[in-house]
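Here the structure is laid out as structure tokens; the discussion comes afterwards.
Because the structure is predicted, anything quoted here is derived from the model rather than measured. Values below: all heavy atoms of this structure, side chains included; hydrogens, waters and symmetry mates excluded.
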Amino acid sequence: MLHRVQPLPEGGTAKCTRCGALLYRRKRNSLDRSLSMALAGLILFILCNTHPFLALKREGLVQQTTIITGVQELYRQDMWGLALLVLFTSILAPLIQLSGMLYVLLPLKFNRLPWMLPVVFRIQQKMQPWAMMEVFMLGILVSLVKLAKTATVVPGIALYAFVALIFVLAAASASLEPGVVWEKLEPIRE
């Protein structure tokens with residue numbers, strides 16, 4: 001049975017007329033919550049990439065690393081494919097996702113239509129599966145367990161920011177309702 005998508009009030013739900021099953025729901029304050037999460041995510045992203053991620057202490061020597069120095073080290077060890085994958089999934093994809101979300105949501109908050117907004121929103125939506133920061137975090141945890149036997153591992157502020165960024169990005173994506181964005185675009189485009 002086909003149903004037409006009906007406009008709903010915030011917090012409203014649409015149910016099947018035949019069986020009563022939930023078809024879709026309109027989230028409350030979707031744009032505001034997503035915008036605030038994206039701004040928090042941008043701050044965390046900057047922390048992740050500007051502060052030490054890990055420090056290794058061994059025999060009086062301390063070596064600090066950041067995410068980008070990890071990518072550079074992989075490249076120096078001739079693992080350029082892995083270096084590119086880490087660069088794309090842990091730096092570029094989250095940056096594109098966050099900046100795309102801010103590019104779309106900030107102007108909509110003030111009822112403005114920036115250049116190429118629909119195209120940017122489509123790209124931002126397609127980038128979501130590529131931001132695989134959770135997989136990168138899992139790799140880091142495995143490495144930490146192995147490194148703990150040979151050196152003292154000191155987590156940096158960027159590691160904590162990275163963990164928080166994973167949750168903030170997931171919350172921003174979950175709270176963003178694409179249908180609301182397209183609804184807000186219609187009156188502005190006319």
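Residues meeting the salt bridge (Lys or Arg N to Asp or Glu O under 4.0 Å) test with Arg76, sequence neighbours left out: Glu73. Arg33 pairs by the salt bridge (Lys or Arg N to Asp or Glu O under 4.0 Å) definition with nothing, not counting sequence neighbours. In this structure Lys109 satisfies the salt bridge (Lys or Arg N to Asp or Glu O under 4.0 Å) test together with Asp32, sequence neighbours excluded. With sequence neighbours excluded, the residues that form a side chain to side chain donor-acceptor pair (under 3.5 Å) with Thr69 are Thr66.
Proximity of a side-chain donor or acceptor of Gln64 to a complementary backbone N or O of Pro52 within less than 3.5 Å is not detected. Between the side chain of Lys126 and the backbone N or O of Phe121 there is no donor-acceptor pair closer than 3.5 Å. Under a 3.5 Å cut-off, the side chain of Thr65 and the backbone N or O of Gly70 do not form any donor-acceptor pair.
Note that CG of Leu84 is 8.0 Å distant from OH of Tyr75, once rounded to the nearest 0.5 Å. Taken from NZ in Lys184 to CG in Leu108, the straight-line distance is 6.5 Å, to the nearest 0.5 Å. A distance of 12.5 Å separates CE in Met37 from CG in Leu105, rounded to the nearest 0.5 Å. Here CG of Leu44 is found 11.0 Å from CD1 of Ile166. Values are rounded to the nearest 0.5 Å. Rounding to the nearest 0.5 Å places CD of Glu59 at 10.5 Å from OG1 of Thr152. The CG atom of Leu42 sits 10.0 Å away from atom CG of Leu47, with the distance rounded to the nearest 0.5 Å.
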Intermediate values then yes/no, side chain to side chain contact (heavy atoms under 4.5 Å, CB included), Leu176 and Lys27: CA-CA 8 Å; Leu176 181 61; Lys27 299 172 185 170; over 6 Å; no
Run the side chain to side chain contact (heavy atoms under 4.5 Å, CB included) check on Gln72 and Leu87 step by step: do they pass?
CA-CA 9 Å; Gln72 290 169 340; Leu87 176 71; over 6 Å; no
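Counting only heavy atoms from C-beta outward, the side chains of Leu169 and Gln97 approach each other to under 4.5 Å. Using a 4.5 Å cut-off on side-chain heavy atoms (C-beta onward), Ile68 and Asn49 make no contact. Within the 4.5 Å cutoff, the side chain of Glu183 has heavy atoms near those of the Arg26 side chain. Proximity of Cys48 to Phe53: side-chain heavy atoms (C-beta onward) are nowhere separated by under 4.5 Å. In this structure, Val180 and Leu31 have side chains that are in contact, with non-hydrogen atoms separated by less than 4.5 Å.
In the hydrophobic clustering of ILVMFWY residues, with side-chain heavy atoms under 4.5 Å counting as a link, Val104 and Leu113 come out together. If you chain together hydrophobic residues whose side chains sit under 4.5 Å apart, Val119 and Val181 fall into the same group. Transitive grouping of hydrophobic side chains (ILVMFWY, heavy atoms separated by less than 4.5 Å) keeps Met101 and Ile43 in distinct clusters.
Here the closest non-hydrogen pair linking Val62 and Ala55 is CG1-CB, 4.3 Å. In this structure, Tyr103 and Leu117 approach most closely via the heavy-atom pair O-CD1, 4.0 Å.
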Would you be so kind as to tabulate the donor-acceptor pairs closer than 3.5 Å made by side chains of residues 13-22, with sequence neighbours excluded?
none

Just list the side-chain donor-acceptor pairs under 3.5 Å for residues 153-165, sequence neighbours left out, or say none.
none

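For the residue pair Ser30/Ser175, the side-chain donor-acceptor check at 3.5 Å is not satisfied.
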